[in-house]
Chemist: 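Before we start, here is the structure in question, set down as structure tokens.
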There are 2 protein chains.
Amino acid sequence: MIASTQTNHPLAKSAADTSLLELACAKLKGAGLRITQPRIAILTAMLERGQPTSIEQLHGVLEAGSCDLVTVYRCLAAFEEIGLVRRSFYHNGTSLYELSLNDTQHYHVVCKATNRVDQLDAETSAELRQTVEKIEAKLRERGYENVSHVVEFFGVAPAAARSPAPLQAVQR
Amino acid sequence: MIASTQTNHPLAKSAADTSLLELACAKLKGAGLRITQPRIAILTAMLERGQPTSIEQLHGVLEAGSCDLVTVYRCLAAFEEIGLVRRSFYHNGTSLYELSLNDTQHYHVVCKATNRVDQLDAETSAELRQTVEKIEAKLRERGYENVSHVVEFFGVAPAAARSPAPLQAVQR
DNA sequence: GCGTCAAAATCAGGGTCTTCCATGGAGCGA
DNA sequence: TCGCTCCATGGAAGACCCTGATTTTGACGC
């Protein structure tokens, strides 16, 4: 269950993260939502993680920073509502959340054994995205509104990548 | 709680369904599983439904036919294990199950408002399948085993398609 | 038919998520 | 800067979904 292995980055939040945080706050404001301490904490945690994260994991990371579990649920629901985060799934159906600040969507492979999340390579992602967007366009033609999608790959990761639990091996 | 809204198909099981049921039973046997009344009831219900169905809905349909909810859970888990059913998701993350007897996988659009499930047209499905299979092949090259995927589209269906038989919006 | 053992029923429990209500604090106007 | 107004949060309780453990039933081989 991915214990509290999260590496506490000793380095301060990078400048890039900070600007992304501001972007996220702007989105919040734009949607008429308030900018509060817990929300900033959640967004910061997601930025630092940089990969799909379960609510449980998020709350674990935030424990030091004081934020109720219920609040995490509510915030993520709100964020999803306004399109600030995207939801994906583990193999067993648990929800994962990921920031969607830059509009390029990433696609993932989730290890069925360890729940480690890896990304598809850029070229493959691009091709997939193209196909998916074409389909979404067709759906809109058929009259569907507010179209979205979930694409997720699962598999048992090769032992080499699985064993050392490097976590964070993959980031944007 | 999904009232007894399920349409009791007045028509008897079609011949096609019967032969598919036999095929499913053969798969069960092949996997070393026994053929039991509840399992047949579940399979029959899924065949009649012919589209992704939640466990709750399945149990609702089966109520007349006497099958415990726990049994439905376990049977579907067993079926998924041997590849007899495929799992997909609602927009809210609830699991849906669908028989996968013929090896051509269907892709769906789920209405965010009513949870009605619709299929993509054949051509689009085929194109998508091709892309996805290519990606899965790449993943296997990278060392992933037991590769699978979930692809799901969501949207608010056009009113025309939405109004008839709104099939109980599932709330959590 | 009979025995064996997997599968189903039943009961109970854990964990996840939601709801409720009182309180706090962000944002806004004066 | 101050105070007001709601939205957001915290905390606890509880609903719901799913899973184990154990007993009972019944499918299958002989």
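Order of the sequence lines sets the chain letters (A, B, ...), proteins ahead of strands, with each chain counted from 1. Keep in mind it's a predicted model, so treat the numbers as computed, not measured.
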Chemist: Please confirm whether any donor atom in the side chain of B:Arg34 sits under 3.5 Å from an acceptor in the base of D:dC28, or the reverse.
Modeler: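 Side chain to base: no pair present.
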Chemist: Please determine whether a side-chain nitrogen or oxygen atom of A:Arg39 lies at a distance below 4.0 Å from atom OP1 or OP2 of D:dT9.
Modeler: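 Answer yes for this pair, as a side-chain N or O of A:Arg39 is under 4.0 Å from OP1 or OP2.
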Chemist: Roughly how many Å is it from CG in B:Leu43 to P in C:dA7, rounded to a whole number?
Modeler: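 After rounding, the gap between these two atoms is 14 Å.
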Chemist: Considering only NZ, NE, NH1 and NH2 on the basic side and carboxylate oxygens on the acidic side, decide whether A:Glu127 and B:Lys134 come within less than 4.0 Å.
Modeler: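 A salt bridge is present here (some side-chain N lies under 4.0 Å from a carboxylate O).
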Chemist: I need the CD1-C1' distance between B:Ile40 and D:dA27, as an integer number of Å.
Modeler: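 Roughly 11 Å, once rounded to whole Å.
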Chemist: To the nearest Å, give me how far apart CG (B:Leu76) and C1' (C:dA8) are.
Modeler: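 Going from CG in B:Leu76 over to C1' in C:dA8 covers 14 Å.
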Chemist: For B:His149 and A:Glu152, which I'm curious about, is there any donor-acceptor pair between the side chains at under 3.5 Å?
Modeler: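 No - no donor-acceptor pair under 3.5 Å links their side chains.
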Chemist: Check the distance between D:dA8's P and A:Tyr73's OH and give it to me in whole angstrom.
Modeler: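 That distance rounds to 20 Å.
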Chemist: Is there a side-chain hydrogen bond (donor to acceptor under 3.5 Å, both in side chains) between A:His106 and A:Gln51? Walk through the geometry before answering.
Modeler: CA-CA 10 Å; A:His106 301 101; A:Gln51 63 171 225; over 6 Å; no
Chemist: Run the ring-centre check on A:Phe89 versus B:Phe89 and record whether the distance is less than 6.0 Å.
Modeler: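 For A:Phe89 and B:Phe89, the ring centres are under 6.0 Å apart.
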Chemist: Does B:Leu33 or B:Arg74 map to a spot on DNA chain D nearer the 5' end, using the closest nucleotide for each?
Modeler: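 In this pair, the answer is B:Arg74.
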Chemist: Considering heavy-atom distances to DNA chain C, does A:Ile35 or A:Ser95 have its closest nucleotide positioned more toward the 5' end?
Modeler: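 In this pair, the answer is A:Ser95.
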Chemist: Is the shortest distance from a Lys or Arg side-chain nitrogen in A:Arg140 or A:Glu136 to a carboxylate oxygen in the other one below 4.0 Å?
Modeler: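 Yes, A:Arg140 and A:Glu136 are salt-bridged.
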Chemist: Would you say B:Thr36 reaches C:dA7's phosphate, i.e. side-chain N/O to OP1/OP2 under 4.0 Å?
Modeler: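 Checking B:Thr36 against C:dA7: no side-chain N or O falls below 4.0 Å of OP1 or OP2.
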Chemist: Please state how far atom CD in A:Glu81 lies from atom C1' in D:dA8, giving the value in whole angstrom units.
Modeler: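 Interatomic distance, CD of A:Glu81 to C1' of D:dA8: 16 Å.
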Chemist: Would you mind classifying the nucleic acid contact of B:Ile55 as base, sugar-phosphate or nothing, using non-hydrogen atoms under 4.0 angstrom?
Modeler: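 Result for B:Ile55 = nothing.
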Chemist: When you get a sec, tell me which of D:dT9, C:dA8, C:dT10 is the closest nucleotide to the side chain of B:Val70?
Modeler: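 In terms of side-chain proximity for B:Val70, the closest of D:dT9, C:dA8, C:dT10 is C:dT10.
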Chemist: Can you check the B:Ile42 CD1 to C:dA8 P distance for me, whole Å?
Modeler: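 In whole Å, C:dA8 P and B:Ile42 CD1 are 7 Å from each other.
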Chemist: Could you give the CZ-to-P distance, from B:Phe79 to C:dA7, as a whole number of Å?
Modeler: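 Value for this atom pair: 10 Å.
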Chemist: What is the distance from CG of A:Leu69 to P of C:dC20, rounded to the nearest Å?
Modeler: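 After rounding, the gap between these two atoms is 18 Å.
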